[in-house]
Engineer: 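Quick one: this structure, given as structure tokens, is what I'll be asking you about.
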Amino acid sequence: MKNILIIGAQGQIGSELTCKLRKKYGVDNVVSGDLYPPPRGSKLADGPNEVLDITVAGTIYQVVKDHKIDTIYNLAALLSAVAEQRPQDAWNVGVNGMYNVLEVARETKCAVFTPSSIGSFGPTTPMDNTPQDTIQRPTTIYGVTKVTGELLCDYYYKRFGVDTRGLRYPGIISYVTLPGGGTTDYAVEIFYEAIKHRKFVCPLPKGAFLDMMYMADALDAAIDLMEADPAKLKHRNSFNVTAMSFDPEILANEIKKHMPDFEMTYDVDPVKEAIAATWPNSMDDSAAREEWGWNPKFELPEMTADMLEKVSEKLGIAYK
Ligand code: NAD
Ligand code: SER
């Protein structure tokens, strides 16, 4: 029986991963952890939860001991755009926090899942069909923390035998919890604005191609990787995974198929534009497909149709 702790459980991914893991392993076996208690009445409040700060090793250790945790999903981070405003905090959470989790895992023999990102690549990385093993010289603090995390996790596996695993997620698109301040957030915001106002002002320019993935596939990827046969894993902490690649224009045109009067204009945010320009246009995820059977279910048309339906339901605004 697994006993799981999710750190950063109230974020875009954590809020849905916690519910999915509770369905799979039982509510009492999945502890949600974050800086604040879950809001009263929220789904996260329906199971065990703990207030903890990843930058304080003692609090992680105590929660792991109290709940007999054997697996930690470490989702705490400052996303790329916020991290550029608060680089010291980004390093503290992303690297010192990661180190704390690994030390607790080493002492208590926990397995650890940590997402890396398309942000771990940089301007000298091959941009198209970005290989699994390639140049990683990111120019953002977010990317620096992600590459450091990948290396630290590899080190703890090789040196101490800690069962560390991870994915390089692309931009994640979802409708439950809003994204936390990344460069790819526009691909979520566009749906809310389309449903509310039938128009959207895009902060990334035409031609800014980035990898993306629908949340259902992102959750499956994390769980499938953690359940994969370890003997088959060669790239434990840094699997490229993607489901689709588009620029704002392609996404807007897909929305127009459902909402012909939808209009998009541009007011480019120079910080986000500069970050996006250093990330891959599309990644090669064949290592994930070969080593643990990665196979996403949602491509652009299915994701767009589902997002429009779900955001429309959530806001109580019909879009057809
Ligand atoms: P998010 O910003 O939505 O959530 C992060 C959570 O971490 C928040 O609930 C926050 O309160 C918590 N947190 C921050 N500092 C903390 C601390 N000191 N101690 C404990 N908790 C703390 O992020 P997300 O989108 O859910 O991303 C989760 C992980 O996936 C991150 O590592 C992120 O880099 C990675 N990732 C996300 C995306 C994406 O598009 N969402 C893409 C690639 C990688
Ligand atoms: N969605 C994330 C960001 O834009 C990618 O890691 O920061």
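In this text the structure is predicted, and so the values were computed from the model without any measurement.
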Engineer: Return the minimal non-hydrogen interatomic distance between M127 and G122, and the atom names on each side.
Structural biologist: CE-O, 3.8 Å

Engineer: Measure the shortest side-chain to side-chain distance between D34 and I7 over non-hydrogen atoms and say whether it is less than 4.5 angstrom.
Structural biologist: no

Engineer: Could you tell me whether a side-chain N or O of T134 sits under 3.5 Å from a main-chain N or O of P131, the two making a donor and an acceptor?
Structural biologist: no

Engineer: By side chain to side chain donor-acceptor pair (under 3.5 Å), which residues pair with Y214, not counting sequence neighbours?
Structural biologist: D306

Engineer: Would you tell me whether S116 and S238 have side-chain atoms, one donor and one acceptor, within less than 3.5 Å of each other?
Structural biologist: no

Engineer: Please say whether the positively charged group of R198, taken as NZ for Lys or CZ for Arg, lies over the ring of F262, i.e. under 6.0 angstrom from the six-membered ring centre and within 45 degrees of the axis.
Structural biologist: no

Engineer: Flag the pair R22 and D46 as a salt bridge only when some basic side-chain nitrogen lies within less than 4.0 angstrom of an acidic carboxylate oxygen.
Structural biologist: no

Engineer: Shared ILVMFWY cluster between L79 and L17, side chains joined below 4.5 angstrom?
Structural biologist: no

Engineer: Return yes if some donor-acceptor pair links the side-chain N/O of Q10 with the main-chain N/O of S15 below 3.5 Å, else return no.
Structural biologist: no

Engineer: Applying ring-ring contact (aromatic ring centres under 6.0 Å, His included), name anything that partners F113, two or more places apart in sequence or on another chain.
Structural biologist: Y73

Engineer: May I ask you to decide if M244's main-chain N or O and E299's side chain share a donor-acceptor pair within less than 3.5 Å?
Structural biologist: no

Engineer: Hey, what do you get for OG1 (T265) to NZ (K199), rounding to the nearest 0.5 Å?
Structural biologist: 8.0 Å

Engineer: Does F121 share a hydrophobic cluster with L151, counting links as ILVMFWY side-chain heavy atoms below 4.5 Å and allowing steps through other members?
Structural biologist: no

Engineer: Between A105 and V112, which heavy-atom pair has the shortest distance, and what is it?
Structural biologist: CB-CG2, 3.5 Å

Engineer: Rounded to the nearest 0.5 Å, what's the gap from CZ on R86 to CG on N92? Could you check?
Structural biologist: 10.5 Å

Engineer: Going from CG on L167 to CE on M226, what distance comes out if it is rounded to the nearest 0.5 angstrom?
Structural biologist: 10.0 Å

Engineer: Main chain of L35, side chain of D53: is a donor-acceptor contact present, judged purely on distance under 3.5 Å?
Structural biologist: no

Engineer: For K43, is the NZ atom crowded, meaning more than 12 foreign heavy atoms sit under 6.0 Å from it?
Structural biologist: no

Engineer: Checking E103 against Y156: is there a side-chain donor and acceptor pair closer than 3.5 Å?
Structural biologist: yes

Engineer: So do the side chains of I255 and K257 get within less than 4.5 Å of each other, counting heavy atoms only?
Structural biologist: no

Engineer: Using every non-hydrogen atom in the two residues, find where L75 and P115 come nearest and quote the distance to one decimal.
Structural biologist: CD2-CG, 3.6 Å

Engineer: With the side chain counted from C-beta on, respond yes when I172 and I13 share a heavy-atom pair under 4.5 Å apart, and no when they do not.
Structural biologist: yes

Engineer: Could you please spell out the steps behind the side chain to side chain donor-acceptor pair (under 3.5 Å) verdict for D224 and W294?
Structural biologist: CA-CA 8 Å; D224 290 352; W294 163 241; over 6 Å; no

Engineer: Would Y169 end up clustered with V147 when hydrophobic side chains under 4.5 Å apart are linked, directly or stepwise?
Structural biologist: no

Engineer: Minimum heavy-atom separation for N295 to R289, with atom names?
Structural biologist: OD1-NH1, 3.8 Å

Engineer: Checking S42 side chain against P38 main chain: does a donor-acceptor pair fall under 3.5 Å?
Structural biologist: no

Engineer: Given the rule in the side-chain contact (heavy atoms from CB on, under 4.5 Å) test, do C110 and I69 qualify, once you have shown the distances and angles that lead to the verdict?
Structural biologist: CA-CA 7 Å; C110 285; I69 298 296; 4.1 Å; yes

Engineer: Just by distance, do the side chain of R168 and the backbone of Q132 share a donor-acceptor pair under 3.5 Å?
Structural biologist: yes

Engineer: Between the side chains of D163 and R236, is the shortest nitrogen-to-carboxylate-oxygen separation below 4.0 Å, so that they form an ion pair?
Structural biologist: yes

Engineer: With side chain to side chain contact (heavy atoms under 4.5 Å, CB included) as the test, pick out the partner of L210 among N281, L204, D247.
Structural biologist: L204

Engineer: Would you say the side-chain atoms of K314 and Y192 include a donor-acceptor pair closer than 3.5 Å?
Structural biologist: yes

Engineer: Closer than 3.5 angstrom, by distance alone: can the side chain of D220 be matched with the main-chain N or O of A222 as a donor-acceptor pair?
Structural biologist: no

Engineer: For residues N3 and H67, determine if any side-chain heavy atom of one lies less than 4.5 Å from a side-chain heavy atom of the other.
Structural biologist: no

Engineer: Report the C-alpha distance between F246 and E254 in whole Å, list the side-chain angles of each, state the deciding distance to 0.1 Å, and finish with yes or no for side-chain contact (heavy atoms from CB on, under 4.5 Å).
Structural biologist: CA-CA 10 Å; F246 53 74; E254 191 64 33; over 6 Å; no

Engineer: Just wondering, more than 12 heavy atoms not from E263 lying within 6.0 Å of its CD?
Structural biologist: no

Engineer: Could you verify whether a donor N or O on one side chain and an acceptor N or O on the other, from S32 and N49, lie under 3.5 Å apart?
Structural biologist: no

Engineer: Consider only side-chain N and O atoms of S174 and Q12, and report whether a donor and an acceptor are under 3.5 Å apart.
Structural biologist: yes

Engineer: Determine whether I6 and I4 make a side-chain contact, defined as any pair of heavy atoms from C-beta on separated by less than 4.5 Å.
Structural biologist: yes

Engineer: A side-chain contact here means heavy atoms from C-beta on lying under 4.5 Å apart; do I190 and L251 qualify?
Structural biologist: yes

Engineer: Would one find more than 12 heavy atoms of other residues, nucleotides or ligands at under 6.0 Å from atom OH of Y319?
Structural biologist: yes

Engineer: Assess whether side-chain contact (heavy atoms from CB on, under 4.5 Å) is satisfied between T140 and V144, documenting all intermediate values.
Structural biologist: CA-CA 6 Å; T140 62; V144 171; over 6 Å; no

Engineer: Do the side chain of T130 and the main chain of P126 share a donor and acceptor less than 3.5 angstrom apart?
Structural biologist: yes

Engineer: Given the rule that I, L, V, M, F, W and Y join up when any side-chain heavy atoms are under 4.5 Å apart, are V271 and V188 in one cluster?
Structural biologist: yes

Engineer: Say you draw a straight line from CG of N253 to CG of L300; how long is it, rounded to the nearest 0.5 Å?
Structural biologist: 10.0 Å

Engineer: Give me the atom names and distance for the closest heavy-atom approach of G149 to M98.
Structural biologist: CA-CG, 4.3 Å

Engineer: A side-chain contact here means heavy atoms from C-beta on lying under 4.5 Å apart; do I223 and K24 qualify?
Structural biologist: yes

Engineer: Using 30° and 60° as the class boundaries, would you call the ring planes of W292 and F239 parallel, tilted or perpendicular?
Structural biologist: perpendicular

Engineer: Does any N or O in the side chain of R165 come within less than 3.5 Å of the main-chain N or O of N237, such that one atom is a donor and the other an acceptor?
Structural biologist: no

Engineer: What's the separation between atom CG in D89 and atom OG1 in T145, rounded to the nearest 0.5 Å?
Structural biologist: 12.0 Å

Engineer: Would you check if the side chain of N96 reaches a backbone N or O of V93 as a donor-acceptor pair within less than 3.5 Å?
Structural biologist: no

Engineer: Y266 and E249: side-chain donor and acceptor closer than 3.5 Å?
Structural biologist: yes

Engineer: Taking the side chain as C-beta and beyond, is there a heavy-atom pair between L52 and L5 under 4.5 Å?
Structural biologist: yes

Engineer: First locate atom CG of D269, then atom CD of E273, and finally report the distance between them rounded to the nearest 0.5 Å.
Structural biologist: 8.5 Å

Engineer: Is there a continuous path of hydrophobic side-chain contacts, each under 4.5 Å between heavy atoms, that joins V104 to V56?
Structural biologist: no

Engineer: Minimum heavy-atom separation for M303 to I173, with atom names?
Structural biologist: CE-CD1, 3.6 Å

